Undergrad: 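Take this structure first; my questions come after.
Computed from a predicted structure; not experimentally measured.
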Amino acid sequence: YISFNDGADWKPFQQNLPIVPITDLTIKNNDLIAATQGRSFWIIDDLTPLHKLKMDAEQAKVKLFTPRDITRHDWPGQGGEGVGQNPPEGLVVNYYIKNKPDTSLKLKFQLIDPRDSVVYEYVMKENPDKKEIQRLIKPKQGMNRLQWNLRYPDAKRFEGIILWSGGTEGPMAATGKYHIKMFDNDSLLSIVECMITPDPLCSGTADDYIAQFNFSVEVHNKINQTHGAIEKIRNTRKQINDLLGRIEKDSLKEIRDSAKSVIAKMTSVEEELYQTKNKSGQDPINYPIKLNDKLCGINSTAQSGCNRPSAQVLAAYKEIADAINVQLQKLDSIFKTELSSFNELVAKYKVPAIVPK
């Protein structure tokens with residue numbers, strides 16, 4: 001049972017707890033643990049919404065609860081014994097909807113970081129232009145929950161990508177004060193705040209966390225630039241091949257030779273940026289990883305632990321980033337000169353846009 005008026009009245013609060021004897025109760029970090037006689041342990045994760053719940057809460061159309069502060073751990077959640085379900089990792093935000101949602105309710109939540117930047121938006125209808133930072137929600141009557149794993153959006157990936165030394169996971173959030181804003185039809189309803197606190201088992205300072213985050217953002221942006229270039233190469237190559245498919249094989253040799261040159265030079269850049277021979281997860285054993293994979297390795301290494309990037313990591317990143325920049329400059333030159341000349345040839349010979357088969 002639970003009381004919201006200092007024990008004057010009590011209401012059933014059984015949730016999914018079986019009807020069993022309770023031999024002990026304890027609270028640890030705002031989690032309630034009940035020891036049941038012969039049935040294992042039963043845990044309510046995060047009593048914060050109950051602490052914040054007021055008698056008039058059910059009168060509100062929508063209510064946003066202040067989440068508890070989160071400790072930034074530098075290891076994944078650990079599983080327990082048996083088949084119990086672990087609580088969600090990271091930041092959990094609860095909100096309450098009094099009535100069954102209808103078309104008039106258009107909720108949106110924004111997660112704001114200490115830099116006053118929007119990390120994520122939780123929306124009932126996604127905007128394709130904001131797909132990277134938006135997460136779809138389907139609110140229901142009663143209590144609802146948002147979850148954030150404390151990571152920013154992942155870096156760009158391309159179809160068929162195989163990585164060996166690292167990943168494209170987004171930067172881990174630095175410690176500090178974060179805000180959650182709740183809107184209905186773009187009207188601001190409520191703002192709550194939450195602190196992400198340092199891991200007490202780590203020696204990193206607040207400045208270390210910020211330095212780690214800033215460096216991770218820099219690496220993240222370089223991954224996006226690199227993978228974006230690979231996508232651009234592949235898209236351009238496909239367009240050239242599609243155009244050649246509209247030309248008779250024995251005609252317009254000048255265009256074919258120009259196309260062959262452009263494709264060869266672009267492919268040379270692609271093969272420096274990415275190991276194109278990789279077709280399965282074990283192929284990197286036989287084919288050395290290329291620049292993008294090394295960059296992703298830096299990304300994962302820099303985000304491990306709770307300290308600022310080491311001198312070795314910074315030096316390795318500079319070496320890899322410089323090598324990537326050389327290839328990106330080559331690609332830029334190819335598009336400005338070789339591809340431009342190819343397009344002029346296509347215009348000169350008036351290659352048809354469509355050739356019915």
Undergrad: State whether a side-chain donor-acceptor pair under 3.5 Å links Asp293 with Ser165.
TA: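 Note: Asp293 and Ser165 side chains meet the donor-acceptor criterion.
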Undergrad: Measure up the Phe109 and Tyr95 rings against each other and bin them: parallel (under 30°), tilted (30 to 60°), perpendicular (over 60°).
TA: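 Taking Tyr95 first and then Phe109, their aromatic rings sit tilted (interplane angle of 30° to 60°).
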Undergrad: Please tell me whether Asn214 and Glu218 have a donor and an acceptor in their side chains that are separated by less than 3.5 angstrom.
TA: no
Undergrad: Roughly how far, to the nearest 0.5 Å, is the CZ atom of Arg135 from the CD1 atom of Ile133?
TA: 9.5 Å
Undergrad: How many angstroms lie between CG in Asp283 and CD1 in Ile289, if you round to the nearest 0.5 Å?
TA: 13.5 Å
Undergrad: Evaluate the side-chain hydrogen bond (donor to acceptor under 3.5 Å, both in side chains) criterion for residues Thr205 and Asp208: first the C-alpha distance (whole Å), next the side-chain angles of each, then the deciding distance (0.1 Å), finally the verdict.
TA: CA-CA 5 Å; Thr205 65; Asp208 288 336; 3.3 Å; yes
Undergrad: So if you build clusters from Ile, Leu, Val, Met, Phe, Trp, Tyr with side-chain heavy-atom gaps below 4.5 Å, do Ile196 and Leu111 land together?
TA: yes
Undergrad: CD1/Ile263 to OG1/Thr236 distance, rounded to the nearest 0.5 angstrom?
TA: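 Output value for this atom pair is 10.0 Å.
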Undergrad: Any chance the side chains of Asn299 and Gln303 put a donor and an acceptor closer than 3.5 Å?
TA: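 Yes, because at least one side-chain N or O of Asn299 sits under 3.5 Å from a partner of the opposite role on Gln303.
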Undergrad: Just how far is it from atom NE2 of His220 to atom CD of Glu169, taken to the nearest 0.5 Å?
TA: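 If I round to the nearest 0.5 Å, the distance is 9.5 Å.
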Undergrad: Within a strict 4.5 Å, meaning less than it, do heavy atoms of the Leu244 and Arg256 side chains meet?
TA: yes
Undergrad: Evaluate whether atom CG of Asn286 has more than 12 neighbouring non-hydrogen atoms of other residues, nucleotides or ligands under 6.0 angstrom away.
TA: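 Yes, because the 6.0 Å sphere around CG of Asn286 holds more than 12 heavy atoms from other groups.
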Undergrad: Backbone N or O of Asp129 within a donor-acceptor pair of the Asn127 side chain at under 3.5 Å?
TA: yes
Undergrad: Out of curiosity, does Val313 fall in the hydrophobic cluster containing Ile324 (side-chain heavy atoms, cut-off under 4.5 Å, transitive links)?
TA: yes
Undergrad: Step through the shown structure and confirm whether more than 12 heavy atoms of other residues, nucleotides or ligands are within 6.0 Å of CD on Glu319.
TA: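 No, the 6.0 Å shell around CD holds no more than 12 heavy atoms from other groups.
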Undergrad: Taking it one step at a time, do Gln329 and Asn325 satisfy side-chain hydrogen bond (donor to acceptor under 3.5 Å, both in side chains)?
TA: CA-CA 6 Å; Gln329 289 168 7; Asn325 288 337; over 6 Å; no
Undergrad: Compute whether any side-chain donor of one residue and acceptor of the other, for Trp42 and Asn16, lie under 3.5 angstrom apart.
TA: yes
Undergrad: Please determine whether side chain to side chain contact (heavy atoms under 4.5 Å, CB included) holds for the pair Ile70 and Trp148, giving the CA-CA distance in whole Å, both sets of side-chain angles, and the decisive distance to 0.1 Å.
TA: CA-CA 11 Å; Ile70 300 299; Trp148 179 42; over 6 Å; no
Undergrad: Quick one: do the Asp102 and Ser104 side chains pair a donor with an acceptor below 3.5 Å?
TA: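 The answer is yes; a qualifying pair exists.
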Undergrad: Please check if Leu64 and Val123 belong to a single hydrophobic cluster, counting links between Ile, Leu, Val, Met, Phe, Trp and Tyr side chain heavy atoms closer than 4.5 Å.
TA: no
Undergrad: Tell me whether Leu163 is reachable from Ile285 by hopping between hydrophobic residues (I, L, V, M, F, W, Y) whose side-chain heavy atoms are closer than 4.5 Å.
TA: no
Undergrad: Determine whether Glu231 and Lys156 satisfy the following criterion, salt bridge (Lys or Arg N to Asp or Glu O under 4.0 Å), listing intermediate values before the conclusion.
TA: CA-CA 10 Å; Glu231 285 187 327; Lys156 180 191 292 289; 3.6 Å; yes
Undergrad: Tell me yes or no: between the side chains of Thr48 and Asp46, is some donor less than 3.5 Å from an acceptor?
TA: yes
Undergrad: Can you classify the ring geometry of Tyr122 versus Tyr120 as parallel (below 30°), tilted (30 to 60°) or perpendicular (above 60°)?
TA: tilted
Undergrad: If you measure only the distance, is there a donor-acceptor pair under 3.5 Å linking the side chains of Arg72 and Thr175?
TA: no
Undergrad: Determine whether Leu17 and Phe13 fall in the same hydrophobic cluster, where Ile, Leu, Val, Met, Phe, Trp and Tyr are linked whenever their side-chain heavy atoms lie under 4.5 Å apart.
TA: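 They do share one cluster, since a chain of ILVMFWY contacts under 4.5 Å joins Leu17 to Phe13.
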Undergrad: Rounded to the nearest 0.5 Å, how far does CD1 of Ile191 lie from CE of Met182?
TA: 10.5 Å
Undergrad: Return the orientation label for the His227 and Phe158 ring planes: parallel under 30°, perpendicular over 60°, tilted otherwise.
TA: perpendicular
Undergrad: Test the Lys232-Phe335 pair against the cation-pi criterion, namely NZ or CZ under 6.0 angstrom from the six-membered ring centroid and within 45° of the ring axis.
TA: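 Yes, Lys232 and Phe335 form such a contact.
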Undergrad: Rounded to the nearest 0.5 Å, how far apart are NE2 of His73 and CG of Leu150?
TA: 10.0 Å
Undergrad: Just checking, any donor-acceptor pair under 3.5 angstrom between side chains of Ser340 and Asn343?
TA: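 Checked: Ser340/Asn343 side chains show no N/O donor-acceptor pair below 3.5 Å.
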Undergrad: Within 45° of the axis and under 6.0 Å from the centre of the six-membered ring of Tyr96, does NZ or CZ of Lys98 qualify?
TA: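 Judged by the rule, Lys98 and Tyr96 form no cation-pi pair.
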